[in-house]
Amino acid sequence: MTDGIVNVLKPPGMTSHDVVSRIRRIYGVKKAGHSGTLDPDAAGVLPVFIGNATRLLEYASTNTKHYRAEGILGIRTDTGDDSGNVLETKPVPDFSAARLEEILQQFRGKILQVPPMYSALKVNGKKLYEYARQGIELARSARPIEIFRLELIRFYPPYFCLDIACSKGTYVRTLLEDIAAAAGTCACMTFLLRTRAGDFCIEESHTLEEIAAEPEAVLQPMETAVSKTGKLTVNALQAFRITNGVRTTIKGTAEGVYSLYLADLFLGIVTVENEVVKPEKILVQVQKPDSD
């Protein structure tokens with residue numbers, strides 16, 4: 001089984017699921033998953049986890065996402081981007097980049113956002129976009145998100161371009177629509193590029209063609225997913241006990257979540273409470289060391 005992570009440069013025109021299917025074929029594996037959906041029209045960083053690495057998806061440090069996004073003012077579509085059907089057009093007020101900058105200030109920090117109907121969120125076991133395609137619109141509750149950075153890169157009416165860093169679960173299409181509404185008009189997204197997902201950046205991403213040409217060369221080790229997690233290194237006996245399900249006391253260990261290591265060998269994820277190490281996701285089982 002091939003285990004690891006591939007930093008894919010997703011092309012526009014493919015779904016995230018399409019990309020994962022292609023990666024499965026390239027590596028000849030059945031188990032693979034991604035750490036955050038990108039819209040079909042969007043491009044950019046899409047980390048794909050292969051084999052046992054899929055067990056680390058919940059711990060992966062990809063919660064902060066970075067985007068470069070462009071929108072056009074005065075047009076609203078059913079999908080929130082320019083591939084959708086136009087639902088409404090509105091006049092665009094005559095305002096300056098300085099005024100748009102003032103409006104952006106309202107959207108920095110912790111805010112609430114209503115998820116769009118064209119999204120993969122599930123309601124009663126069915127994805128919202130499946131309802132939307134049937135012409136059904138459901139009431140959605142606003143959810144808390146956080147916008148860490150929101151910079152105006154260029155304002156060339158009716159277009160505007162933003163650099164965005166945001167929390168997991170943020171819908172950039174909706175953010176652009178909400179910014180336009182605050183400016184007294186409407187908008188839809190015309191371009192989206194994800195430049196970073198956690199520690200995975202676009203400069204180190206690879207096209208599907210590059211991956212197919214050198215699959216092993218671009219495969220990153222599983223522990224890349226938890227590089228920001230504290231590291232707990234144990235001896236052979238402790239490693240044997242913990243990886244075989246035994247809670248083990250290690251004096252002086254602070255509470256928290258740790259990546260477990262035996263020398264340079266990554267073993268999995270553990271939690272520590274009251275100096276007791278508890279196995280959470282064990283990827284390698286260590287044999288009992290020989291006694292002298």
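You'll find the side chain of Asp18 stays beyond 4.5 Å of the side chain of Ser21, heavy atoms only. Within the 4.5 Å cutoff, no side-chain heavy atoms of Asp82 are placed close to those of Ile72. For the pair Leu193/Ile202, a side-chain contact is recorded, criterion being any heavy-atom separation below 4.5 Å from C-beta on. Side-chain atoms of Tyr129 and Pro116, non-hydrogen and from C-beta on, never get closer than 4.5 Å to each other. Side-chain contact between Ile179 and Leu162 is present, with heavy atoms from C-beta onward closer than 4.5 Å. The shortest side-chain heavy-atom distance between Leu150 and Leu175 falls under the 4.5 Å cut-off. For the pair Tyr156/Glu70, a side-chain contact is recorded, criterion being any heavy-atom separation below 4.5 Å from C-beta on. Side chains of Thr224 and Asp199 form no contact here, defined as non-hydrogen atoms less than 4.5 Å apart.
Note on ring orientation: taking the six-membered ring where Trp is involved, the planes of Phe266 and Tyr261 are tilted (angle from 30° to 60°).
A distance-only check finds no donor-acceptor pair linking the side chain of Thr233 to the backbone of Lys231 [under 3.5 Å]. At distances below 3.5 Å, at least one donor-acceptor pair connects side-chain atoms of Thr185 with backbone N or O atoms of Pro91. At distances below 3.5 Å, not a single donor-acceptor pair connects side-chain atoms of Arg194 with backbone N or O atoms of Arg196. A donor-acceptor pair under 3.5 Å links the side-chain atoms of Asn235 to the main chain of Gln238, judged by distance alone. Distance alone, capped at 3.5 Å, is enough to place a donor-acceptor pair between the Asn7 side chain and the Cys201 backbone. Distance alone, capped at 3.5 Å, places no donor-acceptor pair between the Arg247 side chain and the Lys278 backbone. Side chain of Lys10 to backbone of Pro40: a donor-acceptor contact under 3.5 angstrom is found. Listed for the Asp78 side chain is a donor-acceptor partner under 3.5 Å among the backbone atoms of Asn85.
Note that the CZ atom of Phe160 and the CG atom of Leu152 stand 9.0 Å from one another [nearest 0.5 Å]. Taking OG1 of Thr248 as the start and CG of Leu237 as the end, the distance is 8.0 Å to the nearest 0.5 Å.
Closest non-hydrogen pair, Val270 versus Pro279, comes out as CG1-CA, 3.9 Å. Closest non-hydrogen pair, Gly252 versus Glu275, comes out as N-OE2, 3.0 Å. Contact record, Gly71 with Thr190: N-OG1, 3.9 Å, taken as the closest heavy-atom pair. Nearest heavy-atom pair, Phe148 versus Ser167, reported as atom, atom and distance to 0.1 Å: CE1-N, 3.5 Å. Considering all non-hydrogen atoms of both residues, Met14 and Val19 come closest at CE-N, 4.0 Å. Taking every heavy atom of both residues into account, Pro115 and Arg143 meet most closely at CG-NE, 3.7 Å.
When the shell of 6.0 Å around CD of Glu214 is examined, it contains 12 or fewer heavy atoms from other residues, nucleotides or ligands. When the shell of 6.0 Å around CD of Gln134 is examined, it contains more than 12 heavy atoms from other residues, nucleotides or ligands. Annotation: Lys126, atom NZ; neighbour count of heavy atoms from other residues, nucleotides and ligands within 6.0 Å is above 12.
Every residue two or more places apart in sequence or in another chain that forms a side-chain contact (heavy atoms from CB on, under 4.5 Å) with Arg76 is listed here: Leu87, Glu88, Glu177, Cys186. In this view, Asp81 and Asp41, Thr79, Ser83, Arg173, Met189 satisfy the side-chain contact (heavy atoms from CB on, under 4.5 Å) rule, not counting sequence neighbours.
Exactly one of Leu265, Leu260, Thr243 qualifies for a side chain to side chain contact (heavy atoms under 4.5 Å, CB included) with Val284. That residue is Leu265. In summary, of the residues considered (Leu56, Asp3, Leu267), a side chain to side chain contact (heavy atoms under 4.5 Å, CB included) with Leu283 occurs for Leu56 alone.
Remark: Arg108 engages Glu101 in a salt bridge, criterion side-chain N to carboxylate O under 4.0 Å. Of the charged side-chain nitrogens involved, none lies within less than 4.0 Å of a carboxylate oxygen, so that Arg133 and Glu130 do not count as a salt-bridged pair.
Grouping Ile, Leu, Val, Met, Phe, Trp and Tyr by side-chain contacts under 4.5 Å, direct or through others, puts Leu128 with Met117, Leu121, Val123, Tyr131, Ile136, Leu138, Tyr171.
Hydrophobic clustering (side-chain heavy atoms under 4.5 Å, transitive across Ile, Leu, Val, Met, Phe, Trp, Tyr) groups Val226 together with Met222.
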Problem set entry | Criterion ring pair (Phe, Tyr, Trp, His ring centres under 6.0 Å) on Phe191 and Tyr159, from CA distance to verdict | CA-CA 11 Å; Phe191 173 82; Tyr159 294 92; over 10 Å; no
